[in-house]
Amino acid sequence: MKHNRSIGARSSGLTYLDAFLPERVLHFFMPELPEVETIRRDLENKILGKKIVSVLVLAKKSVHYSANKFIKVLTSDRIEKINRRGKLLYCSFVKSDLFLLVHLKMTGQLIYRQKEKITAGGHSLGKIDFELPNKFTRVIIRFSDGSELFFNDLRRFGYLKLNTAEEKDKILQKSFGIEPLTSDFKYPAFVKLFEKRKTTIKALLLNQKLIAGIGNIYADETCFCAGVRPDRRVGKINEEEKKKIFKCIESVLKLSIKNRGTTFNSYVDCDGKVGGFVRLLKVYGREGEKCRRCSGVIKKIKAAGRGTHFCLNCQK
DNA sequence: GTGTTTGTTATCAA
DNA sequence: CTTGATAACAAACA
């Protein structure tokens, strides 16, 4: 019998509360659209227009082109704008014509730290969270006001890469489908994705080339919201259900962004607050628990090659 | 040593 | 050609 609610299917034995502890947050972070958008908004407030005074590349694999080129381009330039497409961030510079593409993949983090300030009580605000840099820090970017941006990435799948405008546009074009939460996300275009397809709704939602930004957590939560089993073939999903799925993509993503994403530490203000959407998860990480809508049991299966959660009773 | 966790891509199959 | 399913990647942990 589990008394503590474990987070997701992570077989770590960690409890629900553990995931909120800063040192744990380091290990459990799965950035999908809402998390990346939260980061984008925060960083825009924090680093836009700030002069980069130095760049430290601790893991060459994490940057492209070469580390030398990366350092050379960034140093003494400023980030002009931060954009997002799906789970990818891309930044323009004031001086350079190149673009900085940032993908966090599974375990990447962008953590902003002000230069340590001492409060009246003598507490160091910078130490409320966790030590930086740490052993997963791959790149450090320092700004002229003493603040720093840390790129941490335990598994080193993520990257900070420079591309020409041409290269960037090509990637954006070939890799991403409809962007949710924009005017491109229209029901007729959404329904077209179902045509002539034999895959499952979960695989469709996860496919970045069809819809950009949805990952494993939000695919499951969207299916729950719509009352549709994630392993249903898209051809067997009726019009009413498609409408629900369409609406749910928007509502789930919006609600998560409003709550600063899932298991996301509020690194900017160091006030100990974390992303609030974990509390609002309905199915992800709740295997064996009671459904919050109908009192059925949450089941976990493998679908589209991923851990997949749904209510046995109220998802059809 | 084995089985998990996941975003993306490469690869193979239909 | 298109679509889909799966392996691989990497690191950590039970």
Side-chain angles (χ1 to χ4, degrees), chain A residues 2 4-16 18-19 21 23-37 39 58-62 64 84-90 101-110 134-138 151-161 163 170-177 192-221 230-236 261-264 278 281 283-288 300-309:
Chain A
K2 281 188 294 185
N4 290 318
R5 190 145 96 65
S6 64
I7 289 296
R10 302 162 194 121
S11 49
S12 58
L14 285 179
T15 66
Y16 182 73
D18 283 336
L21 299 175
E23 61 270 27
R24 300 298 195 183
V25 172
L26 261 184
H27 300 274
F28 302 118
F29 179 71
M30 286 172 283
E32 301 180 29
L33 189 152
E35 291 75 32
V36 177
E37 178 60 19
I39 291 169
L58 304 172
K60 286 182 182 170
K61 184 180 182 292
S62 298
H64 308 250
R84 180 187 58 74
R85 183 81 163 92
K87 303 166 193 168
L88 180 73
L89 292 173
Y90 59 101
L101 276 59
V102 181
H103 204 302
L104 302 174
K105 296 288 178 85
M106 292 170 57
T107 58
Q109 301 177 308
L110 285 171
N134 58 44
K135 65 175 175 171
F136 305 124
T137 301
R138 311 301 181 195
F151 175 65
N152 296 337
D153 188 19
L154 183 147
R155 293 178 207 181
R156 299 187 221 229
F157 281 7
Y159 58 75
L160 308 183
K161 80 177 177 183
N163 274 150
K170 197 172 162 190
I171 288 169
L172 292 185
Q173 200 171 27
K174 75 161 193 205
S175 311
F176 301 98
K192 270 213 175 72
L193 304 178
F194 287 69
E195 286 172 13
K196 285 187 282 182
R197 261 174 228 286
K198 293 188 171 147
T199 189
T200 60
I201 182 61
K202 169 114 183 188
L204 186 151
L205 292 172
L206 287 176
N207 189 336
Q208 303 299 300
K209 291 185 170 72
L210 304 180
I211 306 169
I214 298 175
N216 205 33
I217 295 174
Y218 298 108
D220 284 2
E221 294 298 317
D231 57 349
R232 282 268 297 282
R233 294 282 150 185
V234 294
K236 306 240 174 188
T262 302
T263 65
F264 183 62
V278 183
L281 292 176
V283 285
Y284 187 88
R286 300 192 67 241
E287 183 188 12
K300 182 179 175 189
I301 61 169
K302 199 130 198 157
R306 299 294 176 222
T308 298
H309 315 71

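In what follows, every chain begins at residue 1, and chains take the letters A, B, ... in the order their sequences are listed. Only heavy atoms go into these numbers, but all of them, side chains included; no hydrogens, no water, no symmetry mates.
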Interface polar pairs with nucleotides 2-6 of chain C, N/O, under 3.5 angstrom:
from  : atom 1 : to     : atom 2 : distance (Å)
C/dG4 : OP1    : A/K198 : N      : 2.8
C/dG4 : OP1    : A/T199 : N      : 3.0
C/dG4 : OP2    : A/R197 : NH1    : 3.2
C/dA5 : OP1    : A/R233 : NH1    : 3.0

All heavy atoms of A/P230 vs all of A/I201, minimum pair found to be O-CG2, 3.2 Å
Between N or O atoms, less than 3.5 Å apart, protein on one side and nucleotides 7-11 of chain C on the other: list the pairs.
from   : atom 1 : to     : atom 2 : distance (Å)
C/dA11 : OP1    : A/R156 : NE     : 2.9
C/dA11 : N3     : A/R155 : NE     : 3.4

Taking atom C1' of B/dG7 as reference, at what distance in whole Å does atom CD of A/Q208 sit?
8 Å
To the nearest Å, how far apart are A/N134 CG and C/dA12 C1'?
14 Å
May I ask you to say what A/G158 touches in the nucleic acid, namely base, sugar-phosphate or nothing, with a heavy-atom cut-off under 4.0 Å?
nothing
Rounding to an integer number of Å, can you tell me how far A/K300 NZ sits from B/dG3 C1'?
11 Å
In whole angstrom, what separates A/I217's CD1 from B/dT5's P?
13 Å
Test salt bridge (Lys or Arg N to Asp or Glu O under 4.0 Å) applied to A/R197 - qualifying residues, sequence neighbours left out
none
Run the side-chain hydrogen bond (donor to acceptor under 3.5 Å, both in side chains) test against A/R84 and tell me which residues pass, sequence neighbours left out.
A/E37, A/E179
Sorted by chain and number, sequence neighbours left out, side-chain contact (heavy atoms from CB on, under 4.5 Å) with A/K174 holds for none
Mind checking the C1' distance from C/dA12 to B/dT9? Whole angstroms is fine.
23 Å
Taking side-chain hydrogen bond (donor to acceptor under 3.5 Å, both in side chains) as the cut-off, I'd like each qualifying pair that reaches into residues 203-212 of chain A, sequence neighbours left out, listed once.
none
What integer distance in Å separates A/L205:CG from B/dG7:C1'?
15 Å
Counting any heavy atom closer than 4.0 Å, what does A/K302 reach on the DNA or RNA strands: base, sugar-phosphate only, or nothing?
sugar-phosphate
For DNA chain B, what string of dots and brackets results from 5' to 3' when Watson-Crick and G-U pairs need both distances under 3.5 Å, crossing pairs get [ ], and pairs with another strand get |?
.||||.||||||||
Going by side-chain hydrogen bond (donor to acceptor under 3.5 Å, both in side chains), name the residues that satisfy it together with A/K202, two or more places apart in sequence or in a different chain.
A/N216, A/D220, A/T308
Can you name the ring pair (Phe, Tyr, Trp, His ring centres under 6.0 Å) partners of A/F157, sequence neighbours left out?
none
If the cut-off is 4.0 Å, is A/K87 near the phosphate of B/dT8, judged by side-chain N/O to OP1 or OP2?
yes
